[in-house]
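Protein chains get the first letters and strands the later ones, always in sequence-line order, with residue 1 at the start of each.
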Number of protein chains: 2
Amino acid sequence: MKKTIGKAQSSADGVQAVDERYSIRDLAKDFAVTTRALRFYEERGLLRPQRKGQSRIYSAADRVRLTLILRGKRLGFTLDESAELIAMYDPSGNNAGQLQALIDKIQEKQQRINAQKREIELMLSDLKEWEQRSLKALTELSRGTKQNQ
Amino acid sequence: MKKTIGKAQSSADGVQAVDERYSIRDLAKDFAVTTRALRFYEERGLLRPQRKGQSRIYSAADRVRLTLILRGKRLGFTLDESAELIAMYDPSGNNAGQLQALIDKIQEKQQRINAQKREIELMLSDLKEWEQRSLKALTELSRGTKQNQ
DNA sequence: AATAACGTTTACGTTAACGTAAACCAGGAG
DNA sequence: CTCCTGGTTTACGTTAACGTAAACGTTATT
């Protein structure tokens, strides 16, 4: 029932070679996105699958990237922001400065979310206060009409 | 130094008539939005200023609405959502069901925000873990090169 | 050979929330 | 009368993140 394409690679140059290969449909199904979206992410530089002829072939690394993209979306990042984040996550130009910058960027987002949280809490307490007042007004009104019910 | 237009209204029909009148520029300046935005909000039914000839005249009530619109934006609501919220806030079709629905809607948003908060906390703890590992790798590397610095 | 299933590229369409002119009116200053 | 300032309407432009064809190229199966 495994949906891998071709055969697994047992590369001679070590590390773990669990490099399964997925078609664009596989990824789309597994992550519940459209193929259009996947091609779009590639067009925007967020994914770089290999090619076998014309067709795209995605690796486990691509799945990780996609995971990050989608996580970014859930957090309200734009694709460009996610691109940045991924580039920093990537152990390519791996100096610690990048990592710290990444952390900073995410903490910024955290601030915004906390601010939102506070605002929405204020809004809710406002509303519940109103609710109390409305209820009180209603009961008084029903008393005014001499137990209408 | 008051930027009111014309004279204040002392309406005979009671309540508080602190109805100051503002031009579109006044509102724009006070809330740091463009006049274009204000006209746009009106076009979308979020504001309904009076007219004096062609010109729009905004009241204190309009300022409240605008406040809600902007608060909505900060919370990530679309204009349509804000429109709903404002309609519910508005003591026009004032039955308590509306109010409860409004509270529900906002609590939904609250859930989403809390979810985001959790996700971002996860991300951060992940990143900090990585950071530790990177640092450790670096120190070991420098020990390997026999205190290179 | 024909059909189906899956892939590709190219390109125009869509929604949201305004930005950015263009063209025009109204009234007060000089 | 002319110019400025500030307001108005109409309407096309813009960005983001894909959706939705259209037209066409592989295999594999019937």
Side-chain angles (χ1 to χ4, degrees), chain A residues 2-7 21-59 62 65-86 109 112, chain B residues 2-7 21-59 62 65-86 109 112:
Chain A
K2 278 190 284 188
K3 273 287 181 51
T4 69
I5 283 178
K7 58 214 164 188
R21 307 161 80 72
Y22 309 86
S23 75
I24 195 169
R25 283 245 159 257
D26 292 340
L27 270 238
K29 203 188 297 177
D30 293 353
F31 289 84
V33 298
T34 67
T35 62
R36 177 68 181 89
L38 292 175
R39 295 199 189 93
F40 182 69
Y41 294 153
E42 181 175 349
E43 193 182 319
R44 299 295 300 272
L46 299 182
L47 289 177
R48 277 187 201 298
Q50 301 170 29
R51 293 292 178 121
K52 176 193 169 188
Q54 282 271 76
S55 297
R56 293 165 172 79
I57 300 180
Y58 298 86
S59 70
D62 291 321
R65 281 164 167 274
L66 184 49
T67 302
L68 294 179
I69 296 173
L70 298 180
R71 177 173 295 176
K73 291 205 63 177
R74 287 196 301 268
L75 289 176
F77 288 119
T78 73
L79 280 192
D80 283 355
E81 287 175 317
S82 289
E84 263 191 275
L85 301 193
I86 291 179
K109 182 71 187 180
R112 293 214 295 275
Chain B
K2 276 189 287 188
K3 273 289 182 51
T4 67
I5 283 181
K7 59 217 163 183
R21 306 161 81 72
Y22 309 87
S23 76
I24 195 170
R25 283 241 160 259
D26 292 340
L27 270 240
K29 203 187 300 177
D30 293 353
F31 289 85
V33 298
T34 67
T35 61
R36 177 67 180 90
L38 293 175
R39 296 198 189 92
F40 181 70
Y41 295 153
E42 180 175 350
E43 193 182 320
R44 300 295 299 271
L46 299 183
L47 291 176
R48 274 185 203 299
Q50 300 170 31
R51 294 291 179 123
K52 175 193 170 188
Q54 282 272 74
S55 297
R56 293 165 171 80
I57 300 178
Y58 298 87
S59 69
D62 290 320
R65 279 163 167 274
L66 184 48
T67 301
L68 294 179
I69 295 172
L70 298 181
R71 176 172 296 175
K73 292 203 64 176
R74 287 197 299 269
L75 289 176
F77 287 120
T78 73
L79 281 191
D80 283 355
E81 287 175 316
S82 289
E84 263 192 277
L85 301 193
I86 291 178
K109 182 71 188 179
R112 291 214 297 275

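Computed from coordinates, the A:Glu43 CD to C:dT8 P distance equals 13 Å when rounded to whole Å. Spacing between atom CG of B:Leu47 and atom P of D:dT8 amounts to 13 Å, rounded to whole angstrom units. In this structure, B:Leu27 atom CG and D:dG6 atom C1' are separated by 15 Å, rounded to whole Å. Rounded to an integer number of Å, the gap from CG of B:Asp26 to P of D:dG6 is 11 Å. Look at CD on B:Gln50: it is 14 Å from P on D:dT8, rounded to the nearest Å. Between B:Glu42 atom CD and D:dT10 atom P there is a gap of 12 Å when expressed in whole angstrom units. Distance A:Tyr22 OH to C:dC6 P: 19 Å, rounded to the nearest Å. Rounded to an integer number of Å, the gap from A:Gln54 CD to D:dC24 P is 15 Å.
No donor-acceptor pair under 3.5 Å is formed between the side chain of B:Asp30 and the backbone N or O of B:Leu27. Under a 3.5 Å cut-off, the side chain of B:Arg44 and the backbone N or O of B:Asp80 do not form any donor-acceptor pair.
The side-chain heavy atoms of A:Leu46 and A:Leu68, taken from C-beta on, include no pair separated by under 4.5 Å. A 4.5 Å side-chain heavy-atom check between B:Phe40 and B:Leu79 finds at least one atom pair inside the cut-off.
Ion pairing between A:Asp26 and A:Arg21 fails under the 4.0 Å rule for side-chain N and carboxylate O. The pair A:Arg56-A:Glu42 meets the salt-bridge criterion, since a charged nitrogen lies less than 4.0 angstrom from a carboxylate oxygen.
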N/O-N/O pairs, protein side and nucleotides 14-18 of chain D side, under 3.5 Å:
residue : atom : partner : partner atom : Å
D:dA17  : OP1  : A:Leu79 : N            : 3.0
D:dA17  : OP2  : A:Leu79 : N            : 3.4
D:dC18  : OP1  : A:Lys73 : NZ           : 3.1
D:dC18  : OP2  : A:Tyr41 : OH           : 2.8
D:dC18  : OP2  : A:Lys73 : NZ           : 2.9

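Within the structure, every side-chain polar atom (N or O) of B:Arg56 is placed at least 4.0 Å from both OP1 and OP2 of D:dG7. Using a 4.0 Å cut-off, some side-chain N or O of B:Ser23 falls inside it from OP1 or OP2 of D:dG7. The side chain of B:Arg39 places no N or O atom within less than 4.0 Å of a non-bridging phosphate oxygen (OP1 or OP2) of C:dT20.
Between A:Gly72 and A:Ser82 the shortest heavy-atom distance is CA-OG, 3.7 Å. The shortest heavy-atom contact between B:Leu38 and B:Ala28 is CD1-N, 3.7 Å.
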Task: Secondary-structure notation, DNA chain C, from Watson-Crick and G-U pairs under 3.5 angstrom (| other strand) - done: ||||||||||||||..||||||||||||||
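Atom CZ of A:Arg74 sits in a crowded spot, with more than 12 heavy atoms from other residues, nucleotides or ligands closer than 6.0 Å.
Using a 4.0 Å heavy-atom criterion, one finds that A:Arg25 contacts the sugar-phosphate atoms exclusively.
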